[in-house]
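Below you'll find the structure, written out as structure tokens, and then a few comments.
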Amino acid sequence: MRWRVGLMVFGVVFLWVALAGASEEGRAPLSEATRTCLACHRMVTPGIVADWERSLHAQTTPEEALEKPALSRRISAQKVPEDKKAVAVGCAECHTLNPDSHKDTFDHNDFKVHVVVTPTDCQTCHPQEVQEYQRNLMAKAYRNLKKNPVYHGLLETSLGPQKFEKDQLVYLPSHELTQADACLSCHGTRVEVKGMALRETPMGEMSFPILSGWPNQGVGRINSDGSEGACTSCHPRHSFSIEIARKPYTCAQCHKGPDVPAYKVYVVSKHGNIFKSQGKHWNWKAVPWTVGKDFTAPTCATCHASLLVDPNGTVIAQRTHQFNDRLAWRIFGLIYAHPHPKEADTTIIKNKAGLPLPTELTGEPVANYLIDQAEMSRREARIKTVCSACHATGWVEGFFIRFHKTIETTNQQTLAATQMMLTAWKEGLAQGLPSSIFDEALEKMWVETWLFYANSVRFASAMAGADYGAFANGRWYLNKNLQAMRDWLEFKRAVKKLK
Amino acid sequence: MRWRVGLMVFGVVFLWVALAGASEEGRAPLSEATRTCLACHRMVTPGIVADWERSLHAQTTPEEALEKPALSRRISAQKVPEDKKAVAVGCAECHTLNPDSHKDTFDHNDFKVHVVVTPTDCQTCHPQEVQEYQRNLMAKAYRNLKKNPVYHGLLETSLGPQKFEKDQLVYLPSHELTQADACLSCHGTRVEVKGMALRETPMGEMSFPILSGWPNQGVGRINSDGSEGACTSCHPRHSFSIEIARKPYTCAQCHKGPDVPAYKVYVVSKHGNIFKSQGKHWNWKAVPWTVGKDFTAPTCATCHASLLVDPNGTVIAQRTHQFNDRLAWRIFGLIYAHPHPKEADTTIIKNKAGLPLPTELTGEPVANYLIDQAEMSRREARIKTVCSACHATGWVEGFFIRFHKTIETTNQQTLAATQMMLTAWKEGLAQGLPSSIFDEALEKMWVETWLFYANSVRFASAMAGADYGAFANGRWYLNKNLQAMRDWLEFKRAVKKLK
Amino acid sequence: MRWRVGLMVFGVVFLWVALAGASEEGRAPLSEATRTCLACHRMVTPGIVADWERSLHAQTTPEEALEKPALSRRISAQKVPEDKKAVAVGCAECHTLNPDSHKDTFDHNDFKVHVVVTPTDCQTCHPQEVQEYQRNLMAKAYRNLKKNPVYHGLLETSLGPQKFEKDQLVYLPSHELTQADACLSCHGTRVEVKGMALRETPMGEMSFPILSGWPNQGVGRINSDGSEGACTSCHPRHSFSIEIARKPYTCAQCHKGPDVPAYKVYVVSKHGNIFKSQGKHWNWKAVPWTVGKDFTAPTCATCHASLLVDPNGTVIAQRTHQFNDRLAWRIFGLIYAHPHPKEADTTIIKNKAGLPLPTELTGEPVANYLIDQAEMSRREARIKTVCSACHATGWVEGFFIRFHKTIETTNQQTLAATQMMLTAWKEGLAQGLPSSIFDEALEKMWVETWLFYANSVRFASAMAGADYGAFANGRWYLNKNLQAMRDWLEFKRAVKKLK
């Protein structure tokens, strides 16, 4: 037996030496400042230090990163500040950057440290990604929700606690902490400094800023330096792993619920099935990402974000952090599906009725603020190029014909629901505008028509998600909900007649 | 450090040489025709070419496949056509097979190519699998839905868009594209040639057939050669991987929604837990599949399809592509659980009321068309043999006693719901037969009783799925729904009285 | 090519020899008795034998296990019985232990074997874990459900089949087999010997005990030796793998449904995302479990059970099998969130109204039976220590401030629902106490307020689960449900007026 053990020991030692060598070799030199941070934080917050140590930030210097061939490069800056070129991107490199613009900067062991690293910090090395992201609706997710009176009304009637008094339900305003725990968890909070606090730490008592809206990793977070967005929504600290961002679990954090079931639909599609089964064999870190070689079915990132090449290295799709760059239609979140808005900031939109919505209540798009047919065709052409890396033209055409029909029929069903609601308002069975359009039972049924069911159906159509077009929050519920709304009208009329 | 790097380089080179060698060695010779296809398609659709290159089809010739010992053999033909014996199963081998019987055959660079490869093509090498599958209800999933007037009615009232006019909701007929996007996504479409189209391709303008019902991978697809079914539902192109078919993600594509929550139930069972945790260590490709050695908990395929042996090589279960071969009861999709139908084509069934249903509306089975007790016992014995590879007799017996009780009590609850619906019809509160039995709110509540809740409960019982028998679309909802139906009767009677 | 094949063969042989050697070396000596068991069971139930062979029970003797340093030790006994010290923990070691106290002990090939191994058996080597578990609410899950008249009422009206006669729905008592298939699947059954049965086996006819409540792996199972609990709920037979117990799939078996969506919430949290993406790289078997080194994001076990150390080996959290040891608040399953009960047996609690509930119907906690503020602070401090291994103090504080607000607002919403129900009782629109408080439609809506929606919201807050605080069974449904309850009052009043 001894020789077997011997061989095994040899094997293990061989691997250990090889891997250990690699990781020591791979570690980039650390700045003096980061060394100081690590001296304590290795003990105080060992989890994130270990996580960071595995990241490319710890293993490469910006200088080395700049030397890569264009398609393989992971930083988009032409050059980086002199003092950061030759060191790892460590604690100090990010958390002490731009100290004056961060309101959360505080004195911490003789460093001017800020808690919340922001897109403005990240763009030191990644400017193109940050600029693209600013054109992404997601970067404006806080603003588009909170500064749009209609949408703010939906937030309030969704979250605001109700009390029952004098036989009536009364909505109370939602608390800022509740908002942060719900809608703003994904949309992003507003992070503000509310003072300083002494806190007990393993190093003794220390002073830290008190931040409202913190913790948060929402996509449209308003940061203490005034910037919008959080790169960590998808590139979580402190590994900032491209593997994590490329896997659909990241998107699922905010795109899985009934209001936006993208992940659920994906996972029952053929693409999702193959990912679940074969993803373990794929190369999740290659840049660029080669179709067929690195992976054999797309994830969210493949279709909507990643730089893709074919096995000859020819570019199939350019990387984009403006995720509607390959999307013509906006299919969720709003009452009717409609062409994507021109600007990421949608608070500027006004429809004919004066509401900040991209369509009328009866569905007509507010064309002025939305991309035109030419731009829609350009975007659809981009996504079709991705499809065509694996699918013949007939397949792709057939797919889009169905998708367009689905947009038409789901908008039609939403209109039927809206007409019933308008009827209820007219007959005084429910209170419509200028009162809230989201607070009563019928109105909430109306909201589910489009926010849950028509959305699900469109996602199912967009990703071949089978039962989400039928029974899984799909057309079955859409039709059932309409029947229940119709009954509600009858019941309420009876109640009214008796009064 | 240099020796570490040296060792690592040696290791990497060693692995690369070994793997590269293996894959080159493993590649079977290609036919002239397939070589021609690949010359362009490597560039045009690189994703699927790369996928196919990893498949057994690319790595083995039928001749080699025939030489395997019987239990390990993956093809069931006794012999294969002379011209296909010694080459890989490549593009041309499948897409130019039986050109005359395929209505979608077209001229493509001097080849007579058809787009949609069908079971009739596959049975060249896999005849036994195709024959078994033709006895599978799934092969008739299109026909059994579309040619059964009752079930076609359910489809129409689930999908058909409704419009609201003159204070009434009116169902419009569902569009063919909508059907393809919903029910037929799983059940299969009818693929028909609707003409030819010139399309721009990277190789210039080319002519392709326009296919209705395409793309589709539904299990009962009607193909352009008249055959029924799609092997690619479970063995997706172009890897045709047995690993994918054996993992539950494949079944989840169509068996996860509220109407058939098999995957959801599985995944919260002990079996599903162990699969999720340990599956990465299993041998997913071994044929036959050895219990305990290759895997330690069953997947869908294990219980319902795969050829299983014990570690001595003794057969525990024969492979079957007729999935009810090991199942006595049909527990989902119909109003009441009942013994499996004798024939896969269920459009032939007529109950006493003249409806094409395997039971009366009040639950009595239509015995003539269903398997008898002897056949039920044979099938239950087969599945018990699979259970017994890991479980003692007392465990297995206890399990089946519960399952039979669940069939009884869920049928009983469905009857209570049906009686309320019959009451509503009698009192004119809703319109029953010969009008649609699926279009009104009460009828839709009735449908959910059996299509969602009783189904979930039975799946939970069949697979030890815990909360699906209780709160997760289980008995809680079943009982709540009955109470809501009872209230509906009261409310509608009040409305009627006031008119 | 030959040298490539040669190299590959060398590689494969090298690995095979190394692995085969390891597994043979690793196998501990077997007792005579276990050898006898295996002689048949290798053939009769090959699946579980193979599973056990991979377990630590098969690879280590208790004697070896006792020699490990304290933090790495996996058994908590100071010593183990002399005859078990030097052999593997095999079939006979567990299934013939304490034969006299097991009512299911039977003669089986000259051994006194019992079917169901219990915590009392396991504590031979693992006494500390068993003792802690007895203070875990889960150990009393059968008793706390079945012996609490209020909760037993919820069980009956959830499961009991209803029949429709004389225009009324009537609840029938739920069958014992139904209970085992539903609530008791997770809560645990009562396992009792109901006689002996002759059964056909591959070894001929043999006699086995007939057990009620079997199979079952519920957490509070009443065993035939009178003990409570089942270690196999989380450490499934026969691998008893710590890897399985540490992964969230195990907890998901019972903590995924709408009544306790812990897994669903986890999986859309950042923690869940990182686990799903990176878990494959983690060391799931290390004891103790080192933050940052062995894993980079927590699972259920990390926060609630495991022994955690930092990379220097300093203990962050002691192992506990009393899972509320690090939890101050009980946030699910009961009407209002409240401080954890002092005792695992909650049948002893009585509120002012005489009901066995930890709060009044209107929410006031029954302080006498619940932990006090000091104990709550101690428990919260423990969980915060876990958070702090990766998060700064401001992050952790901000998180808990939100969580406490969520407890307050969800309790407030539940009160509004309760007040509507009390109104209905007072007006005779529904029948309240002493009649069932769970059987009518309005009451079932009330139950969903707290059992589904308020619960989901609290879990979302406790684990940063985004949409579960908003649309995914969260505050949206909570508020919609309140509006629907309000409408129900109106409709019922109309019906009453007409009578």
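These numbers were taken from a predicted model, which means no experiment stands behind them. Letters A, B, ... mirror the listed sequences (proteins, then strands); counts begin at 1. Just so you know, these numbers use all the heavy atoms, side chains as well, and skip hydrogens, waters and symmetry mates.
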Quiz item: Given the options I316(B), T296(B), T393(B), V457(B), which has more heavy-atom pairs under 4.5 Å with chain C than any of the others?
Solution: T393(B)
Quiz item: With respect to chain C, which residue among K497(B), R493(B), K264(B), E397(B) yields the maximal number of heavy-atom pairs within a distance under 4.5 Å?
Solution: R493(B)
Quiz item: Can a cation-pi geometry be assigned to K444(C) and F438(C), taking NZ or CZ under 6.0 Å from the six-membered ring centre and within 45° of the ring axis?
Solution: no
Quiz prompt | Residue among A197(C), S174(C), S212(C), P236(C) with most heavy-atom pairs under 4.5 Å to chain B | solution = P236(C)
Quiz item: Of the backbone (N, CA, C, O) and the side chain (C-beta and beyond), which part of Y263(C) lies under 4.5 Å from a heavy atom of chain B, both, or neither?
Solution: neither
Quiz item: With under 30° as parallel and over 60° as perpendicular, where do the rings of H238(C) and H95(C) fit, or are they tilted in between?
Solution: tilted
Quiz item: Salt bridge between K480(B) and D439(C), side-chain N to carboxylate O under 4.0 Å?
Solution: no
Quiz item: For the candidates V268(B), V291(B), T410(B), N479(B), which exhibits the highest count of non-hydrogen atom pairs separated by less than 4.5 Å from chain C?
Solution: N479(B)
Quiz item: Of the listed residues (G469(B), A484(B), C390(B), G292(B)), which shares the most heavy-atom pairs with chain C below a 4.5 Å separation?
Solution: C390(B)
Exercise. For the cysteine pair C37(C) and C91(C), state whether the SG atoms are less than 2.5 angstrom apart.
Key: no
Quiz prompt | L451(C) versus chain B, the contacting section by heavy-atom distance below 4.5 Å | solution = side chain
Quiz prompt | chain C contact via L489(B) - side chain, backbone, both or neither, heavy atoms under 4.5 Å | solution = side chain
Practice problem: Please look at V267(B) and chain C and tell me whether the side chain, the backbone, both or neither of the residue comes under 4.5 angstrom of a heavy atom of that chain. | Solution: side chain
